[in-house]
Amino acid sequence: MDLDERKQKILQAIIQNYLETGEPVGSRTISKYTDLNLSSATIRNEMSDLEELGYIIQPHTSAGRIPSDKGYRLYVDRMMLEKEEQLNQATQEVKEMQRILLEREDKMESVLKQMAKMLAVNTNYATMITAPQVRGNKLKFIQLSRVDKGQLLTTIVIEGNVIRNSMISVDDPLDDETLLKLNILLNTNLNGLPIEEINLAMISKLKQQAGTYAGIVAEVMDAVAAEIKSDEDIEIYTSGTNNIFKYPELADNQRASELITTFEEKQLLTELVNETLTDETGTGIQVYIGNETPVKTMKDCSVVTATYELEEGVKGTIGIIGPRRMDYDKVIHTLKTLKSQLDTIYKKEDGQT
């Protein structure tokens with residue numbers, strides 16, 4: 001027979017108390033663990049019914065009861081069902097976030113490219129803007145989903161609502177129960193952790209708990225590790241490189257060639273971005289003059305950068321590169337204005353979605 005709500009709550013209280021103490025549980029103890037406001041006599045009657053139904057047993061002549069295998073089974077099945085419902089709800093939220101973020105990313109890329117071009121036109125210098133990067137944020141959710149018999153989709157959600165997807169190949173198809181258990185294992189152990197704190201010992205423990213599915217857990221953790229290293233692949237938009245030729249001190253063949261290569265290949269610009277983003281002074285303006293810049297090919301230039309922050313932990317860099325005799329007042333004012341505009345545009349888009 002199905003248990004009514006009262007019996008379910010009493011059984012859950014017995015199991016939880018026994019798991020905590022290892023001692024048989026009496027009616028007076030249960031009266032403190034439930035919100036039913038029942039007398040000990042009523043609880044004893046319900047416990048007697050649960051015993052007749054085989055959900056609890058009396059290990060000896062004391063009044064206390066402990067869960068039976070049947071009671072544990074009901075507890076675990078209901079717990080798994082609740083976890084599955086939570087995961088299903090989270091999955092729907094992830095899908096909706098994916099839709100919103102894909103739209104936002106397309107708009108953001110277009111906005112950043114336009115702003116880089118506008119900066120170059122307004123200042124007559126070379127400009128760069130990076131796409132926002134996630135720094136020091138925590139894992140919010142991991143979802144394993146079946147794509148087909150041989151492939152799983154890993155969805156990783158990080159604070160700041162940044163989503164990363166990765167495909168995993170499997171030799172044998174996984175049933176729904178196995179997928180659910182793996183999702184519960186991953187999320188129970190990893191949710192809320194800063195991704196930088198996930199270490200080898202933690203991964204080893206997860207693989208051990210996953211048993212025969214340790215390989216899948218290892219691939220999920222590889223995907224998380226790839227996210228940690230994603231800063232190496234910063235998206236940088238540049239404009240106005242030809243403006244360099246307007247300044248004689250930068251226009252000779254060797255200097256101009258080095259600067260153009262720097263803007264085209266963008267690898268060296270990453271050093272500048274990383275230094276800017278790791279600056280502890282916040283989101284202010286930074287000015288590098290000549291040899292102060294971390295990019296050697298820019299030693300004859302001045303570089304002014306600003307960090308914009310769309311939300312906590314989600315930052316990007318704006319940079320203007322010109323001669324040492326650049327109009328610093330105009331450049332700094334322009335960057336401050338642009339930072340404000342980016343914040344306004346993003347918050348507006350956020351409100352609309």
Side-chain angles (χ1 to χ4, degrees), residues 1-60 62-96 139-146 152 154-155 157 173-193 205-206 208-214 216-217 220:
M1 65 177 278
D2 289 334
L3 299 183
D4 59 33
E5 184 179 357
R6 179 191 292 178
K7 286 185 174 63
Q8 287 182 37
K9 288 189 174 182
I10 291 174
L11 176 60
Q12 184 173 358
I14 292 171
I15 293 174
Q16 288 178 340
N17 188 269
Y18 184 67
L19 290 175
E20 291 172 4
T21 66
E23 299 290 335
V25 185
S27 57
R28 291 187 64 183
T29 302
I30 295 305
S31 65
K32 302 173 184 178
Y33 270 75
T34 68
D35 56 358
L36 299 175
N37 296 319
L38 300 174
S39 66
S40 294
T42 302
I43 292 174
R44 281 196 296 272
N45 290 334
E46 295 287 3
M47 290 174 67
S48 295
D49 290 344
L50 287 169
E51 186 173 4
E52 287 182 17
L53 292 168
Y55 290 105
I56 57 176
I57 57 176
Q58 189 174 24
H60 43 77
S62 73
R65 306 294 198 279
I66 66 173
S68 66
D69 288 350
K70 183 178 179 181
Y72 279 128
R73 169 49 57 193
L74 180 65
Y75 174 78
V76 170
D77 287 347
R78 290 188 182 279
M79 179 186 69
M80 293 287 282
L81 181 61
E82 289 175 3
K83 292 287 187 181
E84 184 175 16
E85 290 173 352
Q86 292 171 6
L87 284 168
N88 286 338
Q89 181 180 357
T91 301
Q92 292 303 315
E93 292 174 356
V94 167
K95 288 179 179 178
E96 179 62 16
L139 278 173
K140 287 183 65 176
F141 185 72
I142 295 178
Q143 174 71 32
L144 281 173
S145 308
R146 188 187 304 104
L152 300 176
T154 302
T155 301
V157 184
L174 274 65
D175 57 31
D176 291 341
E177 183 178 359
T178 301
L179 269 180
L180 173 62
K181 289 179 178 178
L182 286 173
N183 277 320
I184 291 173
L185 172 67
L186 290 166
N187 284 285
T188 300
N189 287 278
L190 299 177
N191 280 9
L193 279 180
K205 178 184 175 183
L206 282 173
Q208 185 177 7
Q209 291 176 336
T212 57
Y213 303 104
I216 293 175
V217 169
V220 172

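This is a predicted model, so every value here is computed, not measured. We're numbering straight along the sequence, starting at 1. Every heavy atom of this structure was used, including side-chain atoms; hydrogens, water molecules and symmetry mates were not.
Residues satisfying the side-chain contact (heavy atoms from CB on, under 4.5 Å) test with D77, not counting sequence neighbours, are R73. With sequence neighbours excluded, the residues satisfying salt bridge (charged side-chain N to carboxylate O under 4.0 Å, His left out) with D176 are R146. Taking T42 as the reference, S39 meet the side chain to side chain donor-acceptor pair (under 3.5 Å) condition, with sequence neighbours excluded. Not a single side chain to side chain donor-acceptor pair (under 3.5 Å) links S48 to another residue, sequence neighbours left out. The side-chain contact (heavy atoms from CB on, under 4.5 Å) test applied to E51 returns I56, Q58, R65, not counting sequence neighbours. Residues forming a salt bridge (charged side-chain N to carboxylate O under 4.0 Å, His left out) with E177 (at least two apart in sequence, or on another chain): K181. Not counting sequence neighbours, Q12 has no partner by the side chain to side chain donor-acceptor pair (under 3.5 Å) test.
The CD1 atom of I66 sits 12.5 Å away from atom CG of N17, with the distance rounded to the nearest 0.5 Å. A distance of 12.5 Å separates CD1 in I10 from CD1 in I15, rounded to the nearest 0.5 Å. Here the CG atom belonging to D49 is positioned 10.0 Å from the CZ atom belonging to R6, to the nearest 0.5 angstrom. Here the CG-CG distance, from L186 to L190, works out to 6.0 Å after rounding to the nearest 0.5 Å.
Using a 4.5 Å heavy-atom threshold, the side chains of L182 and V220 count as separate. Residues L38 and I30 fail the side-chain proximity criterion, which asks for heavy atoms closer than 4.5 Å. Between L11 and Y75 there is no side-chain heavy-atom pair separated by less than 4.5 Å. Using a 4.5 Å heavy-atom threshold, the side chains of I216 and L144 count as touching. Looking at heavy atoms from C-beta onward, T21 lies out of side-chain contact with T29 at the 4.5 angstrom threshold. You'll find the side chain of L19 reaches within 4.5 Å of the side chain of Y72, heavy atoms only. Residues L3 and Y55 are in side-chain contact: their nearest non-hydrogen atoms beyond the backbone lie under 4.5 Å apart. Within the 4.5 Å cutoff, no side-chain heavy atoms of L185 are placed close to those of Y213.
Within 6.0 Å of atom CG in D175, more than 12 heavy atoms from other residues, nucleotides or ligands are found, so the atom counts as buried in its surroundings. The number of heavy atoms from other shown groups lying within 6.0 Å of NZ (K70) is above 12.
N187 places a side-chain N or O within 3.5 Å of a backbone atom of I142 that can act as its donor or acceptor partner. A side-chain donor-acceptor contact under 3.5 Å links S68 to the backbone of G54.
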